[in-house]
Every structure is written in structure tokens, then in C-alpha cells.
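Here the structure is laid out as C-alpha cells; the discussion comes afterwards.
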Amino acid sequence: MALTVKITKGGVISIRLNKADLKYAAQHLPALERFDEKMGCVLLPKIVDAGAFAEAIYRQLRAEEEDGTTVVHRMLDDAIEEAVEYGAEGIRLPGDDDYGRPKRL
């Protein structure tokens, strides 16, 4: 799958995924598989219109909750938390020895 995540010299993070790879990801998502008892096998979903499906995913990524957050916000929150848990550099947390003086908002 050709999901790419890049960062520019200016610090801009971009995530790219083409329609074919989105189709592959959906067709191999275990939550969408169904076991067919008559056939004795797992059936995968079929993406019949990759463009329409990509548009639906795009809309879902931009759909806001009541507080204005989106799936992308939650993904970013999760990535930040995991990075910090794994010792991310470039961040100081309250309670760190080198945190310094708090700044007023």
C-alpha cells in the first residue's frame, strides 16, 4: 500500500493515499469482512466505484463533531500521545525538570 507521510523542511506534514490504495485498505479491513458459512470462507467487501468511495471517505475525514473536531483531529491527538509516550524529542511537559517557567495564555 502506498500511503505516504512526509515532512517538508518547513515542517509541513502531508499524508497522501491514492484511490487504489484506499480501495485495498477497505477491502482488507477485518471489520468489514464477513464469514460465509455456506461457502466456508471469508468474504471481503467490493469497492465498485473507487472515486465515489474516495469522496465518501474525504467527507468523513472532514465531518465535524459538535465540538468541531474531526477524525483527523483524533488521529493527530493519538499520534501526539504515542510520540510522547515513546520519548519524542522537542517537547517539554509540565513536571519535566527542564520545563521552565509557565507562560500565561
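Here the structure is a predicted model, which means the values were calculated and not measured.
- You'll find the side chain of I15 reaches within 4.5 Å of the side chain of M75, heavy atoms only.
- More than 12 heavy-atom neighbours from other residues, nucleotides or ligands sit within 6.0 angstrom of CD on E33.
- Both I13 and V72 belong to a single network of hydrophobic side chains, linked directly or stepwise wherever heavy atoms of I, L, V, M, F, W or Y lie under 4.5 Å apart.
- In the hydrophobic clustering of ILVMFWY residues, with side-chain heavy atoms under 4.5 Å counting as a link, I57 and L3 come out together.
- Linking ILVMFWY side-chain heavy atoms closer than 4.5 Å, directly or via other members, places I7 and V5 in a single hydrophobic cluster.
- Annotation for Y86: atom OH does not count as buried by contact number, only 12 or fewer foreign heavy atoms lying within 6.0 Å.
- Scanning all heavy atoms of the two residues, the minimum distance from K19 to G51 falls at CD-CA, 3.7 Å.
- In this structure, the side chains of L44 and H28 come closer than 4.5 Å at one or more pairs of heavy atoms.
- A donor-acceptor pair under 3.5 Å is absent between the side-chain atoms of T69 and the main chain of H73, judged by distance alone.
- Taking the salt bridge (charged side-chain N to carboxylate O under 4.0 Å, His left out) definition, one finds that E65 meets it with R74, sequence neighbours left out.
- Nearest heavy atoms, D98 versus R92: OD2-NE, 2.7 Å.
- Atom CG of D97 has 12 or fewer heavy atoms from other residues, nucleotides or ligands within 6.0 Å.
- Atom CG of D77 and atom CD of E82 lie 12.0 Å apart (nearest 0.5 Å).
- Following chains of ILVMFWY side-chain contacts shorter than 4.5 Å, one can reach L61 starting from L22, so the two form part of one hydrophobic cluster.
- The list of salt bridge (charged side-chain N to carboxylate O under 4.0 Å, His left out) pairs with a residue in residues 38-58, not counting sequence neighbours, is empty.
- A chain of hydrophobic side-chain contacts below 4.5 Å, direct or via other Ile, Leu, Val, Met, Phe, Trp or Tyr residues, connects L17 to V71.
- Nearest approach of A26 to I47, heavy atoms of both residues: CB-CD1, 4.0 Å.
- Put simply, the side chain of D96 never gets that close to the backbone of Y99: no donor and acceptor are under 3.5 Å apart.
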